[in-house]
2 protein chains.
Amino acid sequence: MNRLIQKEINRENLLNQGVMLLMQQGYHGTGLQEILDAVQIPKGSFYNYFGSKENFGAEVIEHYITPYIQQITNYLAQPDTDALSALQRYFNESIAELERTHFKGGCLLGNLIGEIGDSSDLCRVALQTTLNRYRDVLQSGLSKAQQQGTIRTDKSARDMADLLVNTWQGALLRMKVEQSTAPLQQCCQALLGDFFKA
Amino acid sequence: MNRLIQKEINRENLLNQGVMLLMQQGYHGTGLQEILDAVQIPKGSFYNYFGSKENFGAEVIEHYITPYIQQITNYLAQPDTDALSALQRYFNESIAELERTHFKGGCLLGNLIGEIGDSSDLCRVALQTTLNRYRDVLQSGLSKAQQQGTIRTDKSARDMADLLVNTWQGALLRMKVEQSTAPLQQCCQALLGDFFKA
DNA sequence: TTTAATGATACGACCGGTTGTCTTATTTTG
DNA sequence: CAAAATAAGACAACCGGTCGTATCATTAAA
């Protein structure tokens, strides 16, 4: 009994550490040993939890997005704030966090798409579905904002959410290279604060 | 004398092959041996041409952008087409090319920022200056379009060029994951065809 | 209830292969 | 011949993955 619980704990620890290291050092730039050392789990155990590094990568990708979706959902659920403000609050909070961590990492999804999007179909599909989940929650927020009259209705919430996701990803790359959150602020200002406005 | 020419040829070949392989397989995903095999240059010679893999990477980055800047400049220089049309033509041509190559690679700059933007300062700076060069040429095109009255003047060409670069980068990532050029088309339509319009 | 058997899981030494780099020998050039 | 450029191969470190064995909880038998 205790055995299964420990297994889940170990899996979770590996995934969390995997998110951190893969985000900062990339897929091929991070060895399994480095992840295993960090969570004090022997090499042999890894293959009991995950079938391969590629499988692990795909699980890390799906594991990564959960807290972000949770955060947006929470902001959107608050009754005293309108949807547009909730989205802006989420992005501002993200920007503040990235500034705190000195722009390290950026977005695991964007980083891995660029690195292994061509070579690992398994990870590519994981990235696709994960990014779509992220888009969906933004879309629901934009849709709510349309109903509240703060976002224009002549464009679909879906299209705007896609554009927002893409521009945000590009801005995150630019942030890493410029060591500044200015691109992120520009992204929010131009889209949420201007182009998407009702 | 013949010797120096051959050295330049070898360097050029290595850089060209480096662009291709680094773009598709990433920095850590591509070994020196693979590049050297492709251009039939012995491993020992590599360090005569480049001091290290990291140095090579930085040179590959700067080598990569040249043809793109050339292409945009050429389109912009054509007397019979206005600047906005020239930019649209460039992006449409890029989209067609990516479709031809089945979305493989995307943009070397975006891919490498995500992968090694955090870990190699040398490459980060190379990526920064290279991306700025790209932004600058787009900015000059937008500025010209402003003078021609096809692009709005209440936003600076600089800001719009930055936004365009970032959204384009994000759209390229999305393209890789979706295996579709739809995000690229959306990027051009939303910005050049709508948001930036006079 | 105690004991024996069983199968799932944990483990770390080990595999062949590859990495980026460097030293040394050879070849080419002036 | 001296000097510089090139190439060959060695090098240790590391990679992802495998394997036989050890460990443990659980079930079956006594």
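Excluded from the calculations below are hydrogen atoms, water molecules and symmetry mates; all remaining heavy atoms, backbone and side chain alike, are included. Throughout, protein chains are lettered first and strands after them, A, B, ... in sequence-line order, and every chain is numbered starting at 1. None of the values given here were measured: they were computed from a predicted structure.
- In terms of phosphate contacts, B:Ser45 brings no side-chain nitrogen or oxygen within less than 4.0 Å of OP1 or OP2 of D:dT6.
- Counting any heavy atom pair closer than 4.0 Å across all strands shown, B:Phe50 reaches no nucleic acid atom.
- What separates CD of A:Gln33 from P of C:dC14 is a distance of 15 Å, to the nearest Å.
- Distance, A:Arg11 CZ to C:dA10 C1': 15 Å, rounded to whole Å.
- Between the side chains of B:Gln146 and B:Thr153, no donor-acceptor pair of N or O atoms lies under 3.5 Å.
- Side-chain N/O atoms of B:Asn48 and base N/O atoms of D:dA5 include no donor-acceptor pair closer than 3.5 Å.
- Atom CD of B:Gln40 and atom C1' of D:dA8 are 16 Å apart (whole Å).
- Under a 4.0 Å N-O distance rule, the pair B:Asp82/B:Lys144 does not qualify as a salt bridge.
- Summarising the geometry, the separation between OH on B:Tyr27 and P on C:dT19 is reported as 13 Å, rounded to the nearest angstrom.
- For A:Asn132 and A:Thr129, the side-chain atoms include no donor-acceptor pair closer than 3.5 Å.
- Across the protein-nucleic acid pair, B:Ile9 atom CD1 and D:dA5 atom C1' stand 16 Å apart, rounded to whole Å.
- A centroid separation of less than 6.0 Å is found between the aromatic rings of A:Phe56 and A:Phe46.
- One interatomic measurement links the two molecules: NZ of A:Lys43 to P of D:dT21, which rounds to 20 Å at whole-angstrom precision.
- Put simply, CZ on A:Phe46 is 13 Å from C1' on D:dC15, counting in whole angstrom units.
- Regarding A:His28, its NE2 atom lies at a distance of 12 Å from the P atom of C:dG20, rounded to whole Å.
- Nearest nucleotide to the side chain of A:Leu32, out of C:dC11, D:dG16, C:dT21: D:dG16.
- Listed candidates were D:dG16, C:dT21, C:dG12. Nearest to the side chain of B:Tyr47 is C:dT21.
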